[in-house]
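Working notes, structure below.
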Amino acid sequence: MINGYIRNDKMNDARQLFDENPLSRNVVSWNSLFSGYIKHDQIHLAQQVFDEMPVRDVISWNIMLSGLHKMRNRRGIYHCFLQMGRDGLRPNEFTFSILISALMNTGFSLLIPQIHGLAFQFSLNSSLFVGSALMRGYTYFGDRKNLCQVFDEISVKDVTSWNALVLGYMELGLPGEARRAFDMMPEKNIISWTTLVDGYICNKKLDEARSIFDECSERNVVLWTAMISGYVQWGEFVHALELFLLMWKSDTRPNQFTFSSALDACAGCSSLLTGKQVHSNMLKSGIPSDVILSTSLVDMYAKCGDIEAAFCIFESMPKKNLVSWNSIIGGCARHGLATRALEVFERMTMSGVEPDRITFVNVLSACVHGGLVEEGKRHFNSMGTDYGIKAEMEHYACMVDLYGRAGFLERAVKLIEGMPFEPDVVVWGTLLATCGLHSSLELGEFAAKGIHTLQKDHPAVYLLLSKIHSEQGIWDSVIELRKMMKHGRAKKQKAGSWIESSIVVQ
DNA sequence: GTAGGGTTAG
């Protein structure tokens with residue numbers, strides 16, 4: 001009865017029933033109420049119930065552990081596990097699998113081998129659930145030997161154990177081993193196929209991924225999406241869109257994951273027309289729009305050149321997160337709408353969303369495009385003082401660009417010299433390019449030297465220097481430089497997108 | 001009444 005209420009999201013009714021029947025309370029009903037509150041994110045009430053429980057069994061503690069996992073309270077999980085032992089309770093296989101998954105990707109993950117030892121003492125290492133959790137743990141450590149060891153320890157392996165092995169090999173960068181395991185599997189499900197396809201994609205083996213995808217006879221939306229987003233990940237936007245079209249003609253309906261990837265593909269090849277078609281298909285198919293999908297739309301319109309449409313979607317979003325704000329600010333920056341970018345940034349901080357490093361890359365590049373030197377400087381400084389974000393290479397590159405374009409070449413050089421790390425080729429290239437703009441031979445050569453120490457024969461160096469030299473009428477060196485380009489390894493690079501390349505060859 | 005594999009955004 002109480003569980004019926006909880007299943008139907010009626011926690012108040014469940015509580016009332018519980019309160020009205022003090023005599024029929026037992027550890028099971030206490031646990032039901034407790035896990036109900038956790039399921040519905042009513043943490044304080046859950047904690048209250050846990051504290052009031054007259055008796056706690058191992059399930060009560062397991063529910064507590066999974067609640068702490070849900071709340072990402074790593075320290076709490078560790079202490080809860082210790083407390084449970086002090087209470088004289090013996091952990092079971094649920095305990096270990098919750099514990100291991102909860103400690104993954106945290107500072108506490110170093111404890112996983114010890115937990116493995118403990119599970120072994122309780123003879124729970126041969127359990128299906130503990131085994132697959134441990135396999136994920138060892139994969140995370142890059143520990144192939146223990147990954148296989150745990151797999152071997154599982155007494156009766158099921159398809160999930162095999163899938164964890166395939167996934168493990170793929171994540172360790174061993175697609176050959178993963179394929180061997182896949183071929184040896186006694187039974188496969190659609191997740192096995194997707195794991196293999198996605199694993200090939202992560203290892204940049206798109207052709208292998210596609211051939212497995214084609215071979216699979218029971219494709220579902222997840223498999224289709226994995227393949228489409230795989231193409232997008234590696235810049236094969238047209239392939240992604242072709243596959244999306246194939247899917248559209250098949251009997252599998254795209255979901256928000258698929259649409260998001262398709263929009264990303266449109267953004268990647270700056271195809272507004274296709275983007276609009278995908279958008280309209282999205283509306284027609286009645287997919288509920290979530291924050292990620294809407295952000296993909298914003299990004300697509302911004303990258304395809306329709307910043308007003310991007311704004312339209314952005315303003316209509318009931319929920320915006322950091323990524324949504326970053327997308328629209330970045331969109332403004334690329335469109336040269338510096339003031340608008342700064343206004344949106346202002347709105348973002350006012351609405352309580354904390355900026356991150358990407359926000360500042362976007363804000364600073366907006367300043368670059370708008371020539372807003374003082375604003376740029378102010379934001380660059382506030383990044384560390386107000387938000388505790390350390391300036392990275394990209395931020396410095398923006399500032400060098402900002403100062404350089406405005407003609408403050410000395411300030412740009414001073415900034416480079418004061419950087420807490422060695423400048424990279426982008427920073428030097430930015431300086432070089434702005435020296436090109438202002439025909440500064442001396443600093444241009446300084447920048448060229450900087451690039452040369454990192455990357456010999458970079459074509460941009462020769463092009464820019466030859467431009468500067470020729471403007472200053474130093475024709476001998478121009479001829480010399482052209483010769484070097486012709487005979488040396490340096491060749492003028494193919495023109496790329498201005499978004500990708502920060503070295504602008506004029 | 002508690003637990004394990006696959007797909008989305010800057």
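In the text below, chain A, chain B and the rest are named by the order of the sequence lines, each starting its count at 1.
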Item checked: Sorted by number, the residues of residues 338-366 of chain A with heavy-atom contact under 4.0 Å to DNA chain B -> A:Asp356, A:Ile358

Next item on the list: Have a look at A:Thr225 and say if it touches a base, only the backbone sugar-phosphate, or nothing, with a 4.0 Å heavy-atom cut-off.
Entry: base

Checklist line | Proximal nucleotide (of B:dT8, B:dA9, B:dG6) relative to the A:Asp299 side chain | finding: B:dA9

Next item on the list: Taking only Lys NZ, Arg NE, NH1 and NH2, and the carboxylate oxygens of Asp or Glu, determine whether A:Arg340 and A:Glu343 approach each other closer than 4.0 Å.
Entry: no

Check: Reckon A:Ile328 touches a base, only the sugar-phosphate, or nothing at all at heavy-atom distances under 4.0 Å?
Finding: nothing

Notebook entry, point to check: Base, sugar-phosphate, or nothing for A:Ser260, non-hydrogen atoms under 4.0 angstrom?
Noted result: base

Notebook entry, point to check: Can you name the residues that form a side chain to side chain contact (heavy atoms under 4.5 Å, CB included) with A:Ser192, not counting sequence neighbours?
Noted result: A:Val159, A:Asn163, A:Phe182, A:Met185, A:Lys188, A:Asn189

Checklist line | Rounded distance in Å - CD1 (A:Ile190) to P (B:dG6) | finding: 14 Å

Next item on the list: Decide yes or no, distance alone: a donor-acceptor N/O pair under 3.5 angstrom between the base of B:dA3 and the side-chain of A:Asn92.
Entry: no

Distance-only check: which donor-acceptor pairs under 3.5 Å involve side-chain atoms of residues 44-52 of chain A, not counting sequence neighbours?
| unit_1 | atom_1 | unit_2 | atom_2 | d |
| --- | --- | --- | --- | --- |
| A:Gln47 | NE2 | A:Asp51 | OD1 | 3.3 |

Note to self: Quick check for you: among B:dT7, B:dA3, B:dG6, whose closest atom lies nearest to any side-chain atom of A:Thr194?
What the structure shows: B:dG6

Margin query: Output the rounded distance in Å from CE (A:Met135) to P (B:dG5).
Written below: 12 Å

Next item on the list: Could you tell me the separation between the CG atom of A:Leu134 and the P atom of B:dG5, rounded to a whole number of Å?
Entry: 13 Å

Show the atom names and distances, to 0.1 Å, of all donor-acceptor pairs under 3.5 Å that link a side chain in residues 198-209 of chain A to residues at least two apart or in another chain.
| unit_1 | atom_1 | unit_2 | atom_2 | d |
| --- | --- | --- | --- | --- |
| A:Asn203 | ND2 | A:Met170 | O | 3.1 |
| A:Asn203 | ND2 | A:Gly199 | O | 2.9 |

Next item on the list: May I ask you to verify whether the side chain of A:Ser132 and the base of B:dG4 hold a donor-acceptor pair under 3.5 Å?
Entry: yes

Next item on the list: Using the side chain to side chain donor-acceptor pair (under 3.5 Å) rule, collect all pairs that involve residues 63-80 of chain A, keeping only residues at least two apart or in two chains.
Entry: A:Asp41-A:Lys70

Next item on the list: Check the chi torsion on B:dG5 and let me know: syn if it falls within 90° of 0, anti if not.
Entry: syn

Next item on the list: Output every pair passing side chain to side chain donor-acceptor pair (under 3.5 Å) with a member in residues 228-238 of chain A, not counting sequence neighbours, ordered by first then second residue.
Entry: A:Arg210-A:Tyr231, A:Glu236-A:His239

Notebook entry, point to check: Just checking A:Leu322: base, sugar-phosphate only, or nothing, at a heavy-atom cut-off of under 4.0 Å?
Noted result: base

Item checked: Those residues that, when tested against A:Leu172, pass side chain to side chain contact (heavy atoms under 4.5 Å, CB included) (two or more places apart) -> A:Arg144, A:Leu147, A:Leu174

Margin query: Can you classify the ring geometry of A:Tyr387 versus A:Phe360 as parallel (below 30°), tilted (30 to 60°) or perpendicular (above 60°)?
Written below: tilted

Item checked: Interatomic distance where CG belongs to A:Asp198 and P belongs to B:dT7 [whole Å] -> 5 Å

Margin query: Less than 4.0 angstrom between a side-chain N/O of A:Ser229 and OP1 or OP2 of B:dT8, yes or no?
Written below: yes

Next item on the list: Please list, chain by chain and in numerical order, all residues satisfying salt bridge (charged side-chain N to carboxylate O under 4.0 Å, His left out) with A:Glu218, sequence neighbours excluded.
Entry: none

Next item on the list: Please work out which residues in residues 58-70 of chain A have a non-hydrogen atom less than 4.0 Å from an atom of DNA chain B and list them by number.
Entry: A:Ile59, A:Asn62, A:Ile63

Item checked: salt bridge (charged side-chain N to carboxylate O under 4.0 Å, His left out) against A:Glu20, all qualifying residues, sequence neighbours excluded -> none

Item checked: Within residues 151-171 of chain A, residues whose heavy atoms come under 4.0 Å of DNA chain B -> A:Asp158, A:Thr160, A:Ser161, A:Asn163

Next item on the list: In whole angstrom, give the distance that lies between atom CG of A:Leu263 and atom P of B:dT7.
Entry: 19 Å

Notebook entry, point to check: Quick one: does A:Leu103's side chain get under 4.5 Å of A:Leu99's, heavy atoms only?
Noted result: yes

Item checked: Whole angstrom value for the distance that separates P of B:dT2 from NZ of A:Lys39 -> 5 Å

Next item on the list: Check every strand shown and say whether A:Lys320 touches a base, only sugar-phosphate, or nothing at a heavy-atom separation below 4.0 Å.
Entry: nothing

Notebook entry, point to check: Among all residues two or more places apart in sequence or in another chain, which pass the side chain to side chain contact (heavy atoms under 4.5 Å, CB included) test with A:Ser24?
Noted result: A:Asn21

